[in-house]
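Reading through the structure tokens given below for one structure.
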Amino acid sequence: MKLPKNVTIKEVGPRDGLQNEKQLVLSEDKIAWINSLSETGLSYIEVSSFVNPKWIPQLADASDVLKGIKRNKGVTYAALVPNIKGLDRALEAGIDEVSVFMSASEGHNRSNINKSIGETYPVLEEVVKEAKMAGKTVRGYVSTVIACPYDGYVKPAQVREVADRLFSMGIDELSLGETIGVGVPNQVERLLDELLPHFNASQLAMHFHDTRGTALANIVKSLEMGITTFDSALGGLGGCPYAKGASGNVATEDLLYMLHEMGIDTGIDLNLALKSAQLIERTLGKSLKSRQMEILRAEGKERIS
């Protein structure tokens with residue numbers, strides 16, 4: 001296997017992980033969790049989302065959380081921004097990086113954003129332009145890159161078309177979201193075969209959900225094809241509110257274990273990540289479903305000091 005020496009993991013738990021939790025998490029608990037994440041060696045944490053609070057009440061405190069966290073040097077603190085109004089709030093809160101988002105499929109885009117793909121482009125273009133003028137880097141997210149809960153399987157050419165438009169707006173990186181977690185390695189290979197002739201591997205990140213238990217296998221295929229940036233969430237938190245049955249993100253601690261055992265450096269301390277996972281587990285009052293957390297419970301290690 002041809003593998004990279006280093007991989008960047010971008011932690012999306014505080015946003016993508018918590019947005020599906022029905023139990024409202026207090027701002028001070030979010031801040032404490034993000035502060036603990038900042039001590040693990042992570043270089044990137046997606047803190048929250050500046051969407052309209054009525055759509056995602058769990059993240060209505062985005063500004064308070066961003067202003068309340070302790071910012072470690074070398075850590076990028078990012079948030080999702082849907083439009084100019086959200087951008088104004090994000091900039092006022094001192095965001096480091098702006099993330100814009102849309103889907104590769106019409107059905108999911110309409111359910112998630114309430115707009116067609118064509119109607120979404122000008123909204124995002126305005127956000128990207130203003131964010132760049134404010135001196136911020138911009139990350140793009142495109143969801144449903146393998147399959148859509150409404151439209152079925154998505155052609156790789158559809159993803160490339162969206163990627164072309166987003167990069168033409170000026171985004172710095174594109175995260176490819178396997179939103180409903182049905183993808184398998186040969187589908188990932190077809191997707192990247194379509195994209196890599198047009199974009200550098202360093203411009204792309206992979207964002208896998210683990211609904212069918214194939215996320216780590218898909219990451220290995222991505223590694224083989226030169227991708228070195230991956231999104232994950234501690235404890236496998238998350239899901240998609242518009243995709244029934246979609247489970248959480250690939251668990252950061254499971255990904256760390258695999259990469260480290262493969263001899264790939266992440267710069268992240270697995271033990272500190274597990275400690276942070278236990279913190280949010282206690283906050284949520286439920287057992288997290290990652291393999292590493294199940295092992296800790298089986299070993300009777302209820303609290304890592």
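Index from 1, following the sequence.
In the model, Glu97 has a side-chain atom that pairs as donor or acceptor with a side-chain atom of Thr137 under 3.5 Å. If you check the side chains of Asn218 and Glu178, you find no donor sitting under 3.5 Å from an acceptor. Judged purely by distance below 3.5 Å, without hydrogens or angles, the side chains of Asn109 and Thr120 pair a donor atom with an acceptor atom. There is a side-chain donor-acceptor pair under 3.5 Å between Ser27 and Asp61. At a cut-off of 3.5 Å, with distance as the only test, no side-chain donor of Glu92 or Ser63 sits close to an acceptor on the other residue. Side chain to side chain, Asp210 and Asn249 fail the donor-acceptor criterion of an N or O pair below 3.5 Å. Glu46 and Tyr141 are linked by a side-chain donor-acceptor pair at a separation below 3.5 angstrom, with hydrogens and angles left out of the test. Remark: the Asp231 side chain and the Ser175 side chain contain an N/O donor-acceptor pair separated by less than 3.5 Å. Side chains of Trp33 and Thr283: no donor on one and acceptor on the other come within 3.5 Å. A donor atom on one side chain and an acceptor atom on the other are found under 3.5 Å apart for His260 and Thr266.
At a threshold of 4.5 Å between side-chain heavy atoms, the hydrophobic network of Ile, Leu, Val, Met, Phe, Trp and Tyr places Phe167 and Val123 in two separate groups. In terms of hydrophobic clustering, with Ile, Leu, Val, Met, Phe, Trp and Tyr side chains grouped at heavy-atom distances under 4.5 Å, Val65 and Leu24 are assigned to different clusters. In terms of hydrophobic clustering, with Ile, Leu, Val, Met, Phe, Trp and Tyr side chains grouped at heavy-atom distances under 4.5 Å, Leu80 and Tyr44 are assigned to different clusters. Hydrophobic clustering (ILVMFWY, side-chain heavy atoms < 4.5 Å, transitive): Val159 and Val184 are in distinct clusters.
The shortest distance between side-chain heavy atoms of Lys10 and Phe230 does not fall below 4.5 Å. Considering only heavy atoms from C-beta on, Tyr77 comes within 4.5 Å of Ser38 through its side chain. You'll find the side chain of Glu224 stays beyond 4.5 Å of the side chain of Glu189, heavy atoms only. For the pair Ser143/Met102, no side-chain contact is recorded, criterion being any heavy-atom separation below 4.5 Å from C-beta on. The shortest distance between side-chain heavy atoms of Val128 and Ile171 falls below 4.5 Å. Residues Tyr257 and Arg291 fail the side-chain proximity criterion, which asks for heavy atoms closer than 4.5 Å. Between Thr228 and Asn6 the shortest side-chain heavy-atom distance does not fall below 4.5 Å. By the 4.5 Å heavy-atom criterion applied to side chains, Val98 and Arg139 are not counted as neighbours.
Note that CG of Asp88 and CG of Asn83 are 9.0 Å apart. Values are rounded to the nearest 0.5 Å. Atoms OG and NE2, on Ser103 and His108 in that order, are 5.0 Å from each other to the nearest 0.5 Å. Annotation: the span from Lys85 atom NZ to Phe50 atom CZ amounts to 13.0 Å, rounded to 0.5 Å. Here Leu237 contributes atom CG and Asn20 contributes atom CG; the two are 10.0 Å apart, rounded to the nearest 0.5 Å. Interatomic distance, Phe101 CZ to Leu166 CG, rounded to the nearest 0.5 Å: 12.0 Å. To the nearest 0.5 angstrom, Leu176 atom CG is 9.0 Å from Ile146 atom CD1.
Between the side chain of Glu299 and the backbone N or O of Leu296 there is no donor-acceptor pair closer than 3.5 Å. No donor-acceptor distance shorter than 3.5 angstrom exists from the side chain of Ser276 to the backbone of Ala273, with no hydrogens or angles considered. Judged by distance alone, with hydrogens and angles left aside, the side-chain atoms of Thr211 form a donor-acceptor pair with the main-chain N or O of Ile180 at under 3.5 Å. A donor-acceptor contact shorter than 3.5 Å is absent between the side chain of Glu130 and the backbone of Val127. Judged by distance alone, with hydrogens and angles left aside, the side-chain atoms of Gln58 form a donor-acceptor pair with the main-chain N or O of Glu21 at under 3.5 Å. Distance alone, capped at 3.5 Å, is enough to place a donor-acceptor pair between the Asp269 side chain and the Asn271 backbone. With Thr252 contributing its side chain and Leu234 its backbone, the two residues share a donor-acceptor pair below 3.5 Å. With hydrogens and angles ignored, the 3.5 Å screen pairs no side-chain donor or acceptor of Glu173 with any backbone N or O of Gly140. Listed for the Glu161 side chain is no donor-acceptor partner under 3.5 Å among the backbone atoms of Gln158. Using modelled atom types, one side-chain atom of Glu11 and one backbone atom of Gly13 make a donor-acceptor pair closer than 3.5 Å.
Across all their heavy atoms, Thr144 and Ala104 have their closest contact at OG1-N, 3.5 Å.
Enclosure of atom CG in Asn114 is not indicated, since only 12 or fewer non-hydrogen atoms of other residues, nucleotides or ligands lie within 6.0 angstrom. Dense packing is recorded around CZ of Arg297, with more than 12 heavy atoms of other residues, nucleotides or ligands lying under 6.0 Å away.
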Could you give me the CA-CA distance, side-chain angles and deciding distance for Gln19 and Ser49, then say whether side chain to side chain donor-acceptor pair (under 3.5 Å) is met? CA-CA 9 Å; Gln19 70 177 11; Ser49 172; 5.7 Å; no

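Under a 4.0 Å N-O distance rule, the pair Asp96/Arg71 qualifies as a salt bridge. At a threshold of 4.0 Å, the pair Lys129-Glu126 does not count as salt-bridged, since none of the basic side-chain nitrogens sits closer than that to a carboxylate oxygen. Classification of Lys289 and Glu281 as a salt-bridged pair fails, no side-chain N sitting under 4.0 Å from a carboxylate O.
Residue Asp172 is tested with Lys132, Gln203, Lys136 for a side-chain hydrogen bond (donor to acceptor under 3.5 Å, both in side chains); the sole match is Lys132. Looking at Thr229, Thr179, Asp16 one by one, the single match for side-chain hydrogen bond (donor to acceptor under 3.5 Å, both in side chains) with His207 turns out to be Asp16.
Residues passing the side-chain hydrogen bond (donor to acceptor under 3.5 Å, both in side chains) test with Glu194, sequence neighbours excluded: Arg160.
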